[in-house]
Amino acid sequence: VVTYTTMLDCLYKNGNKEEGKDIISEMKSRGIQPNLVTYTTMVRGVCESGNMEEVEGILYEMKSRGLYPDLVLYTTMIRGLFQIGNTEEAERIFFEMKSRGIFPDVVTYTAMINGFLRSGNKEKATSIVCEMESNEVSPNLFTYNVLIHGLIHTGNMEKAKAIFCEMKRRGISPDVVTFNTMISGFLSFDLWEGAKEIVCEMSALGIQPSVVTFIVLTGKLIRKGRFSQVDQLLRFMMEKDESPD
RNA sequence: ACUAGGAUCCAUUCUC
């Protein structure tokens with residue numbers, strides 16, 4: 001099972017849905033039954049293509065074999081549902097898991113917050129943050145990244161800065177994703193000074209810029225017609241051995 | 001500790 005599940009995971013991650021199906025039928029024909037991990041992998045793969053009926057089918061098959069979703073599968077489903085824009089169903093599943101006595105962890109809460117923020121439900125996102133606090137689940141790096149991203153996209157750069165400070169105060173070190181998000185925020189509000197400062201802070205902390213960092217920077221600079229700076233960035237990127245793909 | 005599965009950043013296409 002482990003071998004098959006691992007293969008399936010790789011196939012899905014490379015967008016190879018058809019071969020995934022072959023693997024599933026092959027394992028079944030060899031009398032190897034999928035387990036919870038296999039089903040979760042399947043659900044995640046199927047969610048990418050937004051096919052809810054297929055997900056239903058998987059859940060049905062599980063039930064008929066006496067298997068029920070666990071924490072990880074619920075979280076996977078929640079993410080998938082938000083991805084296809086089915087907020088109500090995501091909420092329903094979140095409720096269902098709790099009523100089954102499965103307690104959401106940081107990952108689940110972060111997925112909920114992210115989903116609500118992206119679907120424009122700021123109040124609901126906030127209430128999840130409260131729920132999380134009252135259940136004594138602490139936000140982690142991912143949670144902060146999601147929050148910062150959401151604040152920037154709702155036009156609240158000041159609040160984003162505040163949260164950025166809060167995370168540091170609470171001993172959570174921002175990573176390259178945090179910085180990319182912050183840089184992108186500053187640039188989209190034309191806050192050049194702020195962008196500069198944050199880039200300095202990033203390098204002072206020894207955090208290496210990623211390909212995304214360069215994409216963010218060049219994208220905004222090009223839009224502003226600052227081609228000489230773009231040129232500098234590209235040279236710098238080559239020196240760092242980053243392929244500008 | 002890691003040890004098959006879950007959450008976070010980005011551009012180019014199409015439309016305006």
Side-chain angles (χ1 to χ4, degrees), chain A residues 1-13 20 23 27 32 34-48 55 58 62 67 69-83 90 93-94 97 102-118 125 128-129 132 137-153 160 163-164 167 172 174-188 198 202 207-223 230 233-234 237 242-245:
Chain A
V1 216
V2 175
T3 312
Y4 275 113
T5 306
T6 310
M7 282 167 63
L8 191 62
D9 192 35
C10 289
L11 288 171
Y12 279 140
K13 283 187 173 143
I23 287 290
M27 70 184 285
I32 299 170
N35 62 16
L36 255 178
V37 179
T38 320
Y39 284 122
T40 306
T41 307
M42 286 164 61
V43 168
R44 215 211 46 202
V46 166
C47 280
E48 303 284 306
V55 174
I58 294 169
M62 285 177 56
L67 289 173
D70 66 353
L71 177 64
V72 176
L73 183 47
Y74 273 121
T75 309
T76 307
M77 283 164 55
I78 288 170
R79 190 202 76 148
L81 288 163
F82 273 121
Q83 234 172 16
I93 292 290
F94 184 59
M97 71 181 281
I102 297 174
F103 297 100
D105 67 357
V106 221
V107 180
T108 317
Y109 280 124
T110 304
M112 288 298 293
I113 296 168
N114 187 36
F116 279 138
L117 285 177
R118 280 173 204 252
I128 297 289
V129 173
M132 189 172 152
V137 176
S138 321
N140 65 11
L141 176 64
F142 278 64
T143 319
Y144 278 110
N145 286 346
V146 164
L147 285 171
I148 291 172
H149 182 268
L151 289 165
I152 287 174
H153 283 83
I163 296 287
F164 182 67
M167 74 185 283
I172 297 172
D175 70 349
V176 65
V177 174
T178 323
F179 279 106
N180 289 344
T181 311
M182 289 296 287
I183 293 169
S184 144
F186 279 120
L187 291 179
S188 57
I198 206 88
M202 178 163 109
I207 295 174
Q208 296 296 347
S210 66
V211 182
V212 175
T213 317
F214 290 108
I215 293 175
V216 169
L217 284 169
T218 52
K220 306 277 179 173
L221 289 170
I222 287 170
R223 238 167 265 172
V230 172
L233 266 171
L234 285 173
M237 176 163 49
E242 289 279 4
S243 51
D245 74 352

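Numbers restart at 1 for each chain; the letters A, B, ... are given by sequence-line order, proteins then strands.
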Residues which pass side chain to side chain contact (heavy atoms under 4.5 Å, CB included) with [X], listed by chain and number, not counting sequence neighbours:
| X | result |
| --- | --- |
| A:V177 | A:N145, A:D175, A:T181 |
| A:Y39 | A:P34, A:M42, A:I58, A:E61, A:M62, A:R65, A:L67 |
| A:D9 | A:K13, A:T41, A:R44 |

Side-chain-base donor-acceptor pair under 3.5 Å for A:T6 and B:G5: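 Answer is no: no donor-acceptor pair is held.
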
Nearest heavy-atom neighbours spanning A:V2 and A:T6: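 Taking every non-hydrogen atom into account, O-OG1, 2.6 Å.
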
Hey, does [Y] have a side-chain heavy atom less than 4.5 Å from the side chain of [X]?
| X | Y | value |
| --- | --- | --- |
| A:Y74 | A:I102 | yes |
| A:F94 | A:Y109 | yes |
| A:V137 | A:P104 | no |

What is the separation between atom [atom1] on [X] and atom [atom2] on [N], rounded to the nearest whole Å?
| X | N | atom1 | atom2 | value |
| --- | --- | --- | --- | --- |
| A:I183 | B:A11 | CD1 | P | 14 Å |
| A:L73 | B:A4 | CG | C1' | 15 Å |
| A:F82 | B:A7 | CZ | C1' | 12 Å |
| A:F214 | B:A11 | CZ | P | 17 Å |

Any A:R44 side-chain N or O less than 4.0 Å from OP1/OP2 of B:G5: no

side-chain N/O A:K13 vs B:A4 OP1/OP2, d < 4.0 Å: no

A:R79: salt bridge (Lys or Arg N to Asp or Glu O under 4.0 Å) partners, not counting sequence neighbours: A:E48

Result of checking A:T143, A:D105, A:T75 against A:T110 for side chain to side chain donor-acceptor pair (under 3.5 Å): A:T143

[atom1] gap between [N] and [M], integer Å:
| N | M | atom1 | result |
| --- | --- | --- | --- |
| B:C2 | B:G6 | P | 15 Å |
| B:C9 | B:G5 | C1' | 23 Å |
| B:U8 | B:A4 | C1' | 23 Å |

Dot-bracket line, read 5' to 3' along RNA chain B, where crossing pairs take [ ] and | marks a partner on another strand, Watson-Crick or G-U under 3.5 Å: ................

For A:F164, ring-ring contact (aromatic ring centres under 6.0 Å, His included) partners two or more places apart: A:F179

Counterpart residues, ring-ring contact (aromatic ring centres under 6.0 Å, His included), relative to A:F116 (two or more places apart):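 Expected list: A:F82.
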
Strand contacts (RNA chain B) in residues 35-42 of chain A, 4.0 angstrom heavy-atom criterion: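 Those residues are A:N35, A:L36, A:V37, A:T40, A:T41.
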
Touch class at under 4.0 angstrom, heavy-atom based, for A:L71 against every strand present: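 Touches a base.
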
Given A:S184, A:S210, A:S188, the one that forms side-chain contact (heavy atoms from CB on, under 4.5 Å) with A:V216: A:S184

Those residues that, when tested against A:T76, pass side chain to side chain donor-acceptor pair (under 3.5 Å) (two or more places apart):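 Side chain to side chain donor-acceptor pair (under 3.5 Å) list for A:T76, sorted by chain: empty.
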
Side chain to side chain donor-acceptor pair (under 3.5 Å) partners of A:D70, counting only residues at least two apart: none

Using a cutoff of under 3.5 Å, can you pull out all pairs of nitrogen or oxygen atoms linking the protein to nucleotides 14-16 of chain B, with atom names and distances?
none

With the criterion being N/O to N/O and under 3.5 Å, what pairs connect the protein with nucleotides 8-10 of chain B, and how long is each?
unit_1, atom_1, unit_2, atom_2, d
B:U8, O3', A:R118, NH2, 2.9
B:U8, O2, A:N145, ND2, 2.6
B:C9, OP1, A:R118, NH1, 3.0
B:C9, OP1, A:R118, NH2, 2.4
B:C9, O2, A:N180, ND2, 2.7

